[in-house]
Each structure stands twice: as structure tokens, then as C-alpha cells.
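For clarity, every value in this text was computed on a predicted model and none was experimentally measured.
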Amino acid sequence: MAMNHVRSVRSILCTKDAVTVACQRTFATGKAKKGGKGGAAADGPKASSLSKEVKASTVVGGNILKEGTDPKILPDSEYPDWLWHLLDKRPALSELRRKDIGTLPYEDLKRYVKLDNRARIKENNSLKAKN
């Protein structure tokens, strides 16, 4: 009896109509997505409900805690000086090799040693690699 039941279920699932119904994607509401060009406008990004004053005075999305608020944006004088130099362009290894090592500032010399070691390690690894 159970074998007949399995065969009947298998035959139902093998039909084309049953497969499309079983594989149809639904969303959280349980309704199937309707096709058409008119529905694309509703799927677009939502307008922000935050006011311009809040956007200009806080870091929106900066809060990583469950409770709490987004941090306020402080004046530039309240931040440390090193922060403003994080995005400065640093010289590449080829540029550092062209300069005299004895006249390089400490930070550039440190960068030169790090990049030179990295380049030597990559070269040694490529020579030792199995082909």
C-alpha cells in the first residue's frame, strides 16, 4: 500500500505543472512575485526618513551596539592629527628604490624595508614553486 502511495506522489511531482508550482519562488509575505514592467518601480530604494539635520550631525549607521545611538560628528579640531594623514599617498617600492636610502625619512625607510622584504619573498616563492 505504501509503495503505491510513493508511486502516485512521484508521478504527480514529475509532471511539468507540479514542478513549476513546487519550484515557484515566494517572498516573505507568501505571495508570488508578479511579472511586468510596472512592478519594478516599487522594488527600488526607499526614500530616507531621516532629516537633513540628523544626517549632517551624526554618523548614520555608525552604532554597532544593540542599544545606543549613532555617534555625533565632532568639529575637525576634536580629532587627532594622524587621522587626517591616513589617506595620503605613500611612495611605491620603485619610487623608493630610485631615492638615496641615506636621505630617506624614518617612515619611508621603514616602508622601503617592508616592501623590499615582501618583494624578495615573492620572488623566492616563485622560484621554488612547482611548475
Side-chain angles (χ1 to χ4, degrees):
M1 180 74 177
M3 198 61 161
N4 289 336
H5 182 65
V6 170
R7 286 182 186 151
S8 63
V9 170
R10 188 181 302 155
S11 66
I12 291 172
L13 290 178
C14 290
T15 62
K16 185 176 180 181
D17 295 334
V19 170
T20 55
V21 170
C23 297
Q24 187 175 12
R25 181 176 175 186
T26 59
F27 294 94
T29 59
K31 298 177 184 176
K33 182 178 179 182
K34 295 181 181 178
K37 295 182 180 179
D43 294 339
K46 304 283 186 214
S48 177
S49 62
L50 297 174
S51 66
K52 289 185 179 183
E53 295 84 24
V54 171
K55 286 182 183 178
S57 64
T58 60
V59 180
V60 178
N63 182 26
I64 59 170
L65 305 174
K66 287 185 178 179
E67 291 93 23
T69 60
D70 290 332
K72 300 287 183 192
I73 296 176
L74 303 174
D76 289 351
S77 61
E78 297 291 321
Y79 294 104
D81 291 333
W82 58 264
L83 182 66
W84 307 113
H85 300 291
L86 287 177
L87 296 178
D88 291 347
K89 293 284 184 181
R90 296 182 292 173
L93 179 60
S94 59
E95 187 178 331
L96 290 171
R97 282 183 175 160
R98 282 186 253 137
K99 296 181 181 179
D100 183 25
I101 294 176
T103 61
L104 286 177
Y106 176 72
E107 293 297 322
D108 287 346
L109 185 62
K110 196 166 81 170
R111 180 170 172 75
Y112 172 75
V113 169
K114 181 180 89 169
L115 294 177
D116 189 50
N117 282 339
R118 184 181 295 163
R120 281 189 297 111
I121 289 169
K122 283 184 179 181
E123 185 178 344
N124 288 337
N125 286 344
S126 67
L127 292 175
K128 293 178 182 178
K130 294 180 182 179
N131 293 327

Hey, is [atom1] on [X] packed in by over 12 heavy atoms from elsewhere, all under 6.0 Å?
X: Asp81; atom1: CG; result: no
X: Glu78; atom1: CD; result: yes
X: Tyr106; atom1: OH; result: no
X: Ile64; atom1: CD1; result: no
X: Leu87; atom1: CG; result: no

Cluster overlap Ile121 with Leu115, hydrophobic side-chain contacts below 4.5 Å
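Unlinked, Ile121 and Leu115 end up in two clusters.
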
So which atom in [X] and which in [Y] form the shortest heavy-atom distance, rounded to 0.1 Å?
X: Leu96; Y: Pro91; answer: CD2-CG, 3.7 Å
X: Pro71; Y: Gly62; answer: CD-C, 3.9 Å
X: Asp76; Y: Trp84; answer: OD1-CH2, 3.6 Å

Stepwise, does the side-chain contact (heavy atoms from CB on, under 4.5 Å) test hold for Thr69 with Asn63? CA-CA 6 Å; Thr69 60; Asn63 182 26; 5.7 Å; no

Rounded to the nearest 0.5 angstrom, the CG-CZ distance for Leu93 and Arg98 is 10.0 Å

Problem - Separation between NZ of Lys110 and CD of Glu107, rounded to the nearest 0.5 Å - result: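 It is 4.5 Å, given to the nearest 0.5 Å.
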
Listed partners of Asp116 passing side-chain hydrogen bond (donor to acceptor under 3.5 Å, both in side chains), at least two apart
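Asp116 satisfies side-chain hydrogen bond (donor to acceptor under 3.5 Å, both in side chains) with Arg97 once adjacent residues are dropped.
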
message: Can you confirm whether Leu109 sits close enough to Ile101 that some side-chain heavy atom of one is under 4.5 Å from a side-chain heavy atom of the other?
response: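 Sidechains of Ile101 and Leu109: in contact.
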
